[in-house]
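For the numbers below, each heavy atom of this structure counts, side chains included, while hydrogens, waters and symmetry mates do not. Start at 1 and go down the list; that is how both ligands and their atoms are numbered.
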Amino acid sequence: MPNALTRIALISDVHGNLTALRAVLDDIESRGIDRIVNLGDLIGKGPRCAEVVELARERCEAHVQGNWEASLTDPDRPAGDTVGDWWLDQLTEEQRKWLWELPFCHDFTMSGRNVRVFHASAQSVFHRVFSDRDEDEFLAMFANTEATGDGPLPDVVGYGDIHEPYLDSGVGDRVLFNVGSVGNNLYEPTPAYAIIEGVHGSAEAAPFAVQFVRVPYDVESEIAYARRTSMPAQGPWEVELRTGVYRGSQQG
Ligand SMILES: [Mn+2]
């Protein structure tokens, strides 16, 4: 009698976009999936960080820290560093502490594979790995580092940070994938997340799958909400949400 397959939804980079998060959570629920892991960057860029943090805490069984959490909620953040203050001010003291204490990675076993998820790379939440990285960067995603600790070496790695979903089984039997972004996708702006399916907690080989989902949502409603606030960088953010063109590539 085979073990039942479990599905886990992996979400990342919500970035304060509550309308997008609600749409994605509704889609996850409609599939009968009740296990969700958050890969970081709940906050920053968008208008509703506090609400997003609360909803994610309610619905996700595990979380890892993103670069926005790591830089903004650091209790030793340099006093002169005011970039991001608007977003930090949205959060309660308790939320800041919770975000600061989030773990770097989350490891588990599925269908005989060691799965590891983190925000950006095995090196650091600030070390960005794009989809066109070279083979050395690919392999480095599967290494144990000071940040990851000495857990079992992963065969499957999922991450966020670049706001662009992809899957690469480029070297050996390793699988690297990016879950995309819920609240701030680039290239194709529709919210994205991933589902992995397999026998959870099992060291025995069994079917294993990764699936990507795109969930349309009411982007204009999130933009209308943001316009009633004094959120910084609103213009470039609106272009990102509507077109997927990164603020650094937008024509002035
Ligand atoms: Mn991000």
Side-chain angles (χ1 to χ4, degrees), residues 9-21 24 36-53 55-56 60 62-74 77 81 83-88 90-91 95-96 99-100 102-106 117-131 133 141 147 157-166 176-194 212 214-215 217 219 222 226 231-234 236-250:
L10 303 172
I11 65 170
S12 191
D13 296 85
V14 180
H15 281 302
N17 187 337
L18 186 63
T19 311
L21 178 59
V24 163
I36 309 173
V37 175
N38 155 41
L39 273 55
D41 270 7
L42 290 172
I43 65 171
K45 302 193 88 172
R48 290 193 269 188
C49 300
E51 294 93 327
V52 159
V53 168
L55 186 54
C60 301
H63 307 260
V64 300
Q65 190 179 61
N67 51 291
W68 275 81
E69 284 95 33
S71 51
L72 280 191
T73 67
D74 183 348
R77 185 168 173 250
D81 182 6
V83 178
D85 271 0
W86 189 87
W87 291 278
L88 188 60
Q90 312 295 306
L91 305 170
Q95 287 178 322
R96 294 179 196 187
L99 291 165
W100 175 246
L102 289 177
F104 179 81
C105 61
H106 177 63
V117 297
F118 45 59
H119 183 66
S121 67
Q123 199 176 317
S124 151
V125 293
F126 300 108
H127 180 78
R128 188 153 286 165
V129 174
F130 292 102
S131 55
R133 77 278 158 295
M141 296 294 265
V157 168
Y159 72 113
D161 184 54
I162 58 171
H163 302 201
E164 179 199 5
Y166 75 89
L176 177 68
F177 65 98
N178 191 290
V179 306
S181 165
V182 169
N184 189 257
N185 263 313
L186 300 175
Y187 310 108
E188 135 89 85
T190 312
Y193 74 97
F212 296 91
R214 292 273 190 184
V215 186
Y217 77 115
V219 59
E222 190 66 19
M231 187 180 88
Q234 199 150 151
W237 171 80
E238 290 183 9
V239 175
E240 284 177 350
L241 256 61
R242 289 191 178 116
T243 68
V245 176
Y246 183 57
R247 54 193 64 190
S249 308
Q250 291 169 19

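Residues forming a side chain to side chain contact (heavy atoms under 4.5 Å, CB included) with Val53 (at least two apart in sequence, or on another chain): Leu42, Ile43, Arg57, Leu91, Gln95, Trp98, Leu99. Partners of Asp161 by side chain to side chain contact (heavy atoms under 4.5 Å, CB included), not counting sequence neighbours, listed by chain and number: Asn67, His119, Ala120, Arg128. By the side chain to side chain contact (heavy atoms under 4.5 Å, CB included) test, Ala233 pairs with Arg247, sequence neighbours left out.
Listing protein N, O or S atoms at distances below 2.8 Å from the Mn ion (ligand 1), with waters left out, gives Asp13 OD2, His15 NE2, Asp41 OD2, His163 NE2.
Between Glu164 atom CD and Leu186 atom CG the span is 8.0 Å, to the nearest 0.5 Å.
For the residue pair Ser121/Gln123, the side-chain donor-acceptor check at 3.5 Å is not satisfied.
Counting only heavy atoms from C-beta outward, the side chains of Leu176 and Tyr159 approach each other to under 4.5 Å.
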